[in-house]
Protein chains: 2
Amino acid sequence: MINCRILKQVLVLNKEKNFARAALSLHLSQPTLTRNIQALEEKVGYKIFDRAPGNLKLTNFGQMLVRHAEKIVSASSQLENEIAQFLNLQAGHLNLGMGPFPAETSFSRTIGLFNEQFSKIHIKSTVDNWENLHTLLLNEKIEFFVAETSELEKNKYLEITPLQSHPGFFYCRTDHPILEKMTINLKDCMQYSMILPKLPKRFINFLNTEISSREKQKEYAYIECDNVGMTNKIVLNSLAIGIGVYDLVSNHLQDKRIKIIPFHPGFMKTIHGIVKLKSHTLSPAAQEFISILNLVEEELCTEETLYFSRTSDAVSEKG
Amino acid sequence: MINCRILKQVLVLNKEKNFARAALSLHLSQPTLTRNIQALEEKVGYKIFDRAPGNLKLTNFGQMLVRHAEKIVSASSQLENEIAQFLNLQAGHLNLGMGPFPAETSFSRTIGLFNEQFSKIHIKSTVDNWENLHTLLLNEKIEFFVAETSELEKNKYLEITPLQSHPGFFYCRTDHPILEKMTINLKDCMQYSMILPKLPKRFINFLNTEISSREKQKEYAYIECDNVGMTNKIVLNSLAIGIGVYDLVSNHLQDKRIKIIPFHPGFMKTIHGIVKLKSHTLSPAAQEFISILNLVEEELCTEETLYFSRTSDAVSEKG
DNA sequence: ACGATTTACGGAGACCGTAAGGATT
DNA sequence: AATCCTTACGGTCTCCGTAAATCGT
């Protein structure tokens with residue numbers, strides 16, 4: 001197998017028609033170039049250049065060799081360009097998935113930042129619940145996803161990097177009658193329609209322990225909705241109660257159009273993580289995305305902590 | 001510049017999906033393959049394979065790399081094939097030139113032998129006088145030629161390899177009246193029409209010294225003809241006298257349809273050589289052709305010597 | 001004598017194979 | 001235990017640069 005480097009040297013030498021200039025252009029010493037060409041000539045068993053002072057030219061054989069060398073060297077430098085692009089994230093695709101909460105909190109911010117920095121990367125984002133995302137991941141439709149991980153942690157094919165947990169809460173309109181009560185518990189909340197995304201078992205289990213089987217049979221309103229925007233609108237326009245985290249509703253909180261219901265059971269926090277296949281190396285784009293995501297997450301935590309420390313919306317626990 | 005050998009290794013490994021098998025197929029030890037792949041991954045700054053026992057697969061990056069590697073490796077092995085062909089003379093062109101005498105003596109035999117051995121080489125032969133051949137050579141229309149070299153030897157751009165000299169002679173029909181004379185000189189010959197190819201100066205000079213200026217002004221018949229076949233036919237059908245060497249007329253000599261005129265001045269011998277540009281390396285085909293040519297020349301000399309030693313057609317000297 | 005190319009020498013790095021060391025099943 | 005991959009070590013070969021020699025004008 002002929003080394004690509006030496007072919008490049010042949011091409012440059014043929015263009016320059018002079019060992020010294022070619023060597024300079026190739027960042028080689030001139031004797032080195034001579035020896036390399038000689039070695040190649042010896043290796044292939046035939047003269048490539050006819051040397052005459054000031055009149056260097058290709059032999060018949062050399063012409064043939066140069067024709068091929070041009071192809072090879074060009075393909076090779078194309079590869080190197082693409083490697084550089086790949087590593088510099090100047091091209092490529094990034095398919096990723098996210099649960100509904102990450103989608104409207106950290107991901108929307110991260111995608112914005114990532115796109116500013118690497119505008120040539122085509123991002124395809126899929127918002128779905130953790131179960132469907134898991135399927136997409138196994139089928140390699142997405143490189144990784146961020147979602148509730150409480151039910152995935154035992155899976156041996158997955159590699160899960162936990163994210164900072166965010167406190168969750170119920171929220172409602174500012175003028176909601178439930179807020180008039182001194183203390184509020186789950187049953188109080190359940191007097192009203194609740195708008196919930198697909199819930200993890202740990203949540204369902206909680207409901208099951210808190211509510212007697214008789215009460216369970218009583219029909220209580222329950223709107224399943226994975227879409228945060230919709231949830232917010234419903235909450236604003238009805239007595240329904242939503243569930244969320246700070247960043248999902250921060251605008252409405254600051255507008256004072258909604259309020260956090262002061263009922264904070266310990267389980268109400270996100271257990272989110274970055275989920276990828278153990279066997280699969282992330283693309284540089286994905287790695288970069290994740291590092292931006294981590295910065296965004298940190299920022300979110302700071303904002304969140306700041307908000308809760310300045311308001312009476314204390315939460316039971318955090319982290 | 002990424003080494004082509006390692007790209008090949010990536011391709012084989014990707015096909016085999018197993019380091020041990022790939023290493024075997026590549027005639028490498030298995031740890032060496034591991035290290036080479038690792039080194040490449042480190043060099044390009046990114047993982048190429050995701051390794052899992054029994055489940056080796058390409059990363060995104062690896063897929064991109066393999067796409068390019070296939071192009072490069074394929075171009076490279078194409079080159080190596082063509083080099084092998086070139087050196088084995090399994091393809092290519094051979095443009096060569098020759099004077100009229102070599103054309104019908106050694107060259108016709110050599111071309112036959114060469115073509116038997118290297119039937120895929122396309123031969124283009126040009127028959128012309130040494131002057132026109134010289135021009136063709138300078139313009140690189142031919143790689144080399146064989147012809148009279150007495151007037152080219154001083155040329156510093158040429159490299160001339162002399163060939164064995166052949167004795168030249170005048171010849172005529174067996175029943176030609178000139179043969180009745182006891183001794184024959186130039187003037188006797190010049191009583192008849194002479195059929196001559198383009199003559200070198202050394203020949204002209206001889207004529208000039210032998211013939212007085214008065215005699216020169218007398219018009220003597222002189223047919224310029226570079227074509228040996230034509231010359232023979234004219235000699236057979238007239239009293240014209242031809243000039244030639246043994247192999248040109250050996251058939252007619254053996255048929256006893258012509259005879260050599262017993263007049264052998266010392267200068268009448270070929271001064272032929274292989275002529276090429278000093279600056280130009282001969283193609284392998286040309287080199288092979290020349291080595292066959294040399295064998296043929298040796299054979300011709302043997303036949304020639306044998307003939308002259310068995311007949312009364314003694315010649316004055318031999319080169 | 002001068003410009004261009006080649007040879008000679010010593011050292012740095014690439015690459016190989018053997019042997020031993022994990023890891024996963 | 002078996003299979004597959006990786007690490008460690010020591011030796012060879014390639015390739016480099018500097019310095020000196022050779023070639024052709």
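Reminder, nothing fancy here: chain letters follow the sequence lines and each chain counts from 1. The basis for the numbers below is simple: all heavy atoms, side chains too, and nothing from hydrogens, waters or symmetry mates.
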I need the [atom1]-[atom2] distance between [X] and [N], as an integer number of Å.
X        : N       : atom1 : atom2 : result
Arg35(A) : dC9(C)  : CZ    : P     : 13 Å
Leu56(B) : dC5(D)  : CG    : P     : 6 Å
Asn36(B) : dT14(D) : CG    : C1'   : 15 Å
Ile37(A) : dT7(C)  : CD1   : P     : 14 Å

Could you check whether any side-chain heavy atom of Thr149(A) comes within less than 4.5 Å of a side-chain heavy atom of Trp130(A), counting everything from C-beta outward?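 Heavy-atom side-chain distance check fails, nothing below 4.5 Å.
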Nearest-neighbour nucleotide for the Thr34(A) side chain, dT7(C), dT6(D), dG17(C) considered: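 Nearest to the side chain of Thr34(A) among the choices is dT7(C).
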With respect to the side chain of Leu28(A), which nucleotide from dT18(C), dT6(D), dC16(D) is positioned closest?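 Within the option list, the nearest is dC16(D).
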What contact category does Arg5(B) fall into here, base, sugar-phosphate, or nothing, at under 4.0 angstrom with non-hydrogen atoms?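 Sugar-phosphate only.
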With a 4.0 Å cut-off on heavy atoms, is Gln38(B) in touch with a base, just the backbone sugar-phosphate, or nothing at all?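 The answer is sugar-phosphate, as Gln38(B) gets under 4.0 Å only of primed atoms, P, OP1 or OP2.
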Should Lys57(B) and Glu140(A) count as an ion pair when the cut-off is N to O under 4.0 Å?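 Salt bridge between Lys57(B) and Glu140(A), a charged N being under 4.0 Å from a carboxylate O: yes.
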His27(A) vs Ala20(B), nearer the 5' end of DNA chain D by closest nucleotide: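 Nearer the 5' end of the strand: Ala20(B).
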If the test is side-chain contact (heavy atoms from CB on, under 4.5 Å), which one of Thr135(B), Ile142(B), Leu136(B) qualifies with Asn139(B)?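 The side-chain contact (heavy atoms from CB on, under 4.5 Å) with Asn139(B) is passed solely by Thr135(B) among Thr135(B), Ile142(B), Leu136(B).
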